Each structure stands twice: as structure tokens, then as C-alpha cells.
Amino acid sequence: MTNIYKFGPHTITAGQIFLKSKHSLGLVNLKPILPGRKLFIYSRGCLDVLVISRRSVPRFLDLSPEEVSDIFQSAQQIGRVVEQEYGGTSLTVACQDGPQAGQTVPHCHVHIIPRRLGDYVDNDDIYEDITRNTNELLTLSEDGVNEPIKKGVDNDERKARSEDDMTAEAARLAWLLGEQ
Ligand code: AMW
């Protein structure tokens, strides 16, 4: 079995993956949402994991009914574990389906982010963090449509984590999910 996986143009290492289902992969984020001006008080680990379709298609709309069922069942399974692991009491489950919705990696994926009271000053600021780069890079074209002025930025201002850091988190999540 291959140890190389693709997430859009990105290569995912086997160590980043903590869940494998028939049509989906759960993986830790290279550049998770980080504590900043918000009141993140999680004790460890990342705050934003992803579940992606195994088939490389850009849009959620491209998935078959079986793939939709699989990716959301995986999201539910992962959500239960990350909510508990990171001391959450709720979850943000978000899919930015297409570039104008803020999608920066053209490979269908769902963000699963544990939430709890007070993690953000304004609750919906989380969406600003998920889409921040795209929002900053929009400009109004002559026909009045917002268009990206630069593409492929992919959360450039966030710090990429080390391989060791991601592997440790993925191993812990895989263990909690009973995957290893
Ligand atoms: W999108 O803005 O397309 O809804 O979210 C893309 C997500 O993919 C971002 O959170 C980004 O940090 C993450 N990401 C980008 N490259 C990688 C990678 N190589 N491994 C894991 N996550 C990645």
C-alpha cells in the first residue's frame, strides 16, 4: 500500500493520517488555526483537523452519495474524539466548497474544530480564521464581482508544524479512534 497521499497539490505524509475509511482520510493540519488575539485555552495539540475525500475532486458537490455518507460519518467519528481530547463542548464542522466560499486547497475537505465557551471573543470569528487569507485577497472587479487577486496563498502567514509534531498528534488521535 502506498505511503504517499495527495491533498490537492500537496503531498501528505503517512504520519499525518489518523483515520482511513473506504472513501475518506482524517489528517492533522499543517497550519492549524493558532491561538492569537482569541482566547484559546486548549492545553495541547492542534485545533483544526481535516477529513478529506480519498478521490481527488475539488468540490463537495463532486462526491457520490456513498462518498458523502462516508466523509460525514468519518467527520462524526473524528468530531467525538477531538471534542473530548481538546476539552471541547461543541464542534465547528465546516466545508468551504469552492474558491468563492474560501476554499484554498482544491480537494474536497471538511474542517473539524473543537469549540468551547470563551474560545473566541465573538463566536463566529472562527469563520474569519478559517477563511482569513482569502478574505484579505479579494478585490472588486469592474463588473462588481469579488475576485481573488492572488491564488494559492494557502494560509501563508500561519506557521507550518514540524513532521514530528504532526506525527505525534496523528498517532494519539489514531489510538483514540482505535485505528492502531
Ligand atoms: W480551506 O481554506 O481550502 O477550507 O482549508 C485548507 C486547509 O488545508 C488549511 O487549514 C491549511 O492549513 C490546510 N493544509 C494545507 N496544506 C496542508 C498539508 N500539506 N497538510 C495538511 N493540511 C494542509
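Every value quoted in this text rests on a predicted model; they were computed, and no experiment measured them. Side chains are part of it too, since the values below use all heavy atoms of this structure and drop only hydrogens, waters and symmetry mates.
- Here the straight-line distance linking atom CD1 of Ile71 with atom CD1 of Ile52 works out to 8.0 Å at 0.5 Å rounding.
- Looking at heavy atoms from C-beta onward, Pro99 lies out of side-chain contact with Pro106 at the 4.5 angstrom threshold.
- Nearest heavy-atom pair, His109 versus Cys95, reported as atom, atom and distance to 0.1 Å: O-SG, 3.6 Å.
- Residue Gly79 comes nearest to Ile112 through the heavy atom pair CA-CG2, 3.8 Å, listed as atom of the first residue, atom of the second, then distance.
- Here the closest heavy-atom approach between residue Leu177 and residue Gln77 is recorded as CD2-O, 3.7 Å.
- In this structure, Leu173 CG and Tyr86 OH are separated by 4.5 Å, a value rounded to the nearest 0.5 Å.
- Listed by chain and number, the residues in a side-chain hydrogen bond (donor to acceptor under 3.5 Å, both in side chains) with Arg80 amount to none (sequence neighbours excluded).
- When all heavy atoms are compared, the tightest approach of Ser24 to Val51 is CB-CG2, 3.9 Å.
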Audit row: Val82, Leu91, side chain to side chain contact (heavy atoms under 4.5 Å, CB included) steps and yes/no: CA-CA 9 Å; Val82 294; Leu91 293 169; 4.1 Å; yes
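- For Tyr5 against Ile17, the heavy-atom pair with the smallest separation is CD1-CD1, 3.2 Å.
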Show your reasoning for whether side chain to side chain contact (heavy atoms under 4.5 Å, CB included) applies to His107 and Ser53. CA-CA 8 Å; His107 183 141; Ser53 54; 3.6 Å; yes
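- Annotation: the span from Ile12 atom CD1 to Ile4 atom CD1 amounts to 10.0 Å, rounded to 0.5 Å.
- A salt bridge (Lys or Arg N to Asp or Glu O under 4.0 Å) check over residues 91-113, counting only residues at least two apart or in different chains, returns the pairs Arg59-Asp97.
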Apply side chain to side chain contact (heavy atoms under 4.5 Å, CB included) to Phe7 and Leu50, showing your working. CA-CA 11 Å; Phe7 174 37; Leu50 302 172; 3.8 Å; yes
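- From His111, atom NE2 reaches atom OG1 of Thr92 across 11.0 Å, with rounding to the nearest 0.5 Å.
- A donor-acceptor contact closer than 3.5 angstrom links the side chains of Glu163 and Thr13.
- Note that CD of Gln96 is 14.0 Å distant from CZ of Phe60, once rounded to the nearest 0.5 Å.
- Distance check: His10 NE2 to Gln16 CD gives 10.5 Å after rounding to the nearest 0.5 Å.
- Across all their heavy atoms, Leu63 and Cys108 have their closest contact at CD1-SG, 3.8 Å.
- Lys22 pairs by the salt bridge (charged side-chain N to carboxylate O under 4.0 Å, His left out) definition with Glu66, not counting sequence neighbours.
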